[in-house]
Amino acid sequence: MTNSKPAPIVRLSLARGAHDLVRTLLELPGHGPVARIPHGDGHAWIVSGPELVCEVLRDTAAFSKEGRHAPPYFVDESGLIGSAETSVASDIVTSEGAEHLRLRKLHLLALSPARVRSWEPTVATVTAQLLDALAEQRGKAVDLVAGLAYPLPLDIICVLLGLPRELHATIRAASEDIFYGGSAAVRDRGRGRLYGTIGELIDRQPDRIGAGLITDLLTLTRTDPPRASLVEVKAWIPSLVLPGHESTASLLSSALYELLRAPRRTADVDAIVEETLRLHPPFPLATWRFATHACTLSDVDIPAGAPVLVNLATVGHDPRVHPEPGEFRPERDPIDHVTFGLGAHYCVGAGLARLEARTAIAAFLDRFPDARLADPDAPPDWQSDLLSRRLATLPARLTP
């Protein structure tokens, strides 16, 4: 005889717009470690208990990211699963087992720890150039999101991949549509534009591609036997571009916001980065998983095929580990979070994101020690959309 029970139904809004998704997600544990929300013609399950979050992240056998396990009513508005662009090839985010390992090894051609270390001079140079441009606006209110947080990771990921600078504006506009565009039609437009632009570049203008991961992967399409296909390469590059700059932009702007709103901290920059990741996860909900069989979590029934979201934010806000978890305290020890995931799907780009944030924060504080928020009394400009969260703007003054 079992004492399991269905998960309570919670009316949680994942609506797009000017609201703080993390604040909403932190209310979920009050309903229990697992809850249901309406989704399509059925429900999705959200796991919020910190221990259960870690369990689900690790257990890819019971909670798979492969869309083939999804129920008929499931709709992925993010487009990762089931869109025309993402359905043509397996992807590192939505694959498991041997296929996921194959894709991970190919992505590590550019994102291994050694390769990330080799990017340190480039990241420092790009950061210095962006700070030079900001310095020209001393005395004025400047937007650190538009002037630093987005341009830095976009520039770096494009150089790493070999994408020409002339495509930056197109990529940025398409990413804005995909992550924060609002309607399904706008998202579809953004995906079509991004995938179409990169496909056109690879198929018809390969001479414009610089040395980088794209050329490395294209070389592998010509080995005997091929280690990758041309269709795969064209599908993988957008999935690297999108999180490769959106997550770092959110991390960097959130860190600068906390540093500018409080007295100058003496904590080292690594602690600042980790505390920001804990307090302000760019993607507070992990991408979709599906129960491969009926099971229970904390005596709550999870049916086979159930779409499952993992509430990453609750781990970083666990008061048993982090006293006063809503406070920004980079001096705290430990700083525990799963913002980059856990287990087989740990973010392959985590090392690069940390390098970019660490470099930019240190250089900004050194260059502009007297910087402050343009309006200290203004509320932060949080914007959320489905699974993501960011500061849309960050007005600051670089000198008194």
Side-chain angles (χ1 to χ4, degrees), residues 80 85-86 88-93 102-127 129-130 149-179 190-222 226-249 251-252 347-357 359-360:
L80 273 174
E85 293 82 12
T86 59
V88 298
S90 58
D91 180 85
I92 191 171
V93 176
R102 177 182 79 92
L103 300 181
R104 196 172 187 87
K105 288 180 177 178
L106 293 175
H107 285 64
L108 286 173
L109 291 172
L111 294 167
S112 69
R115 289 297 294 269
V116 168
R117 285 194 297 272
S118 74
W119 284 99
E120 290 180 2
T122 302
V123 174
T125 297
V126 173
T127 299
Q129 292 169 347
L130 292 170
Y150 267 111
L152 173 62
L154 179 59
D155 196 312
I156 297 302
I157 194 65
C158 287
V159 172
L160 183 150
L161 294 172
L163 294 171
R165 178 171 291 278
E166 307 86 77
L167 295 185
H168 286 201
T170 298
I171 292 169
R172 182 73 208 98
S175 179
E176 190 71 12
D177 283 350
I178 294 167
F179 276 99
R191 276 196 305 275
R193 187 179 187 189
L194 179 61
Y195 281 77
T197 296
I198 290 175
E200 174 84 7
L201 178 72
I202 292 174
D203 285 338
R204 300 188 181 184
Q205 300 174 309
D207 56 307
R208 295 179 63 200
I209 302 173
L213 182 58
I214 297 177
T215 54
D216 290 345
L217 292 174
L218 290 176
T219 297
L220 297 182
T221 68
R222 298 187 287 269
R227 293 175 58 192
S229 72
L230 189 60
V231 169
E232 287 179 321
V233 175
K234 289 188 287 186
W236 294 340
I237 299 308
S239 69
L240 281 167
V241 168
L242 292 170
H245 80 281
E246 283 287 348
S247 59
T248 307
L251 165 60
L252 179 53
C347 177
V348 73
L352 181 61
R354 283 186 166 107
L355 169 64
E356 292 170 340
T359 303

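Computed from a predicted structure; not experimentally measured.
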Taking the side chain as C-beta and beyond, is there a heavy-atom pair between L201 and P164 under 4.5 Å?
yes
Heavy-atom check, side chain of I171 versus side chain of C158, under 4.5 Å
yes
Determine, for D155 against R165, whether the closest basic-nitrogen to carboxylate-oxygen distance falls under 4.0 angstrom.
yes
Measure from the side-chain N and O atoms of [X] to the backbone N and O of [Y], and report whether any donor-acceptor pair falls under 3.5 Å.
X    : Y    : value
W236 : I214 : no
T197 : R193 : yes
T215 : G212 : yes

Output the distance between atom [atom1] ([X]) and atom [atom2] ([Y]), rounded to the nearest 0.5 Å.
X    : Y    : atom1 : atom2 : answer
L352 : E356 : CG    : CD    : 4.0 Å
L218 : L230 : CG    : CG    : 6.5 Å
S229 : L217 : OG    : CG    : 10.5 Å
L194 : L242 : CG    : CG    : 5.0 Å
L167 : I198 : CG    : CD1   : 8.0 Å
L252 : Y150 : CG    : OH    : 11.0 Å

Under 3.5 Å donor-acceptor pairs involving side-chain atoms of residues 103-118, not counting sequence neighbours:
from : atom 1 : to   : atom 2 : distance (Å)
R104 : NH1    : A344 : O      : 3.4
R104 : NH1    : Y346 : O      : 3.1
R104 : NH2    : Y346 : O      : 2.5
H107 : ND1    : L103 : O      : 2.7
S112 : OG     : R115 : N      : 3.2
R115 : NH1    : L109 : O      : 2.6
S118 : OG     : R115 : O      : 2.5

Please report the shortest heavy-atom distance between [X] and [Y], naming the atom on each side.
X    : Y    : result
R102 : R227 : NH1-O, 3.0 Å
P153 : A249 : CG-N, 4.0 Å
T221 : P226 : O-CB, 3.7 Å
L152 : A360 : CD2-CB, 3.6 Å
A353 : T248 : CB-OG1, 3.5 Å
H245 : L154 : CB-N, 3.6 Å

Given V126, which partner from the list T359, V159, I156 fulfils the side chain to side chain contact (heavy atoms under 4.5 Å, CB included) test?
I156
Per the side chain to side chain donor-acceptor pair (under 3.5 Å) rule, what does the pair list look like for residues 203-213, sequence neighbours excluded?
E166-R208, D203-K234, Q205-R208
Determine, stepwise, if the pair L163 / V241 fulfils side chain to side chain contact (heavy atoms under 4.5 Å, CB included).
CA-CA 10 Å; L163 294 171; V241 168; 3.8 Å; yes
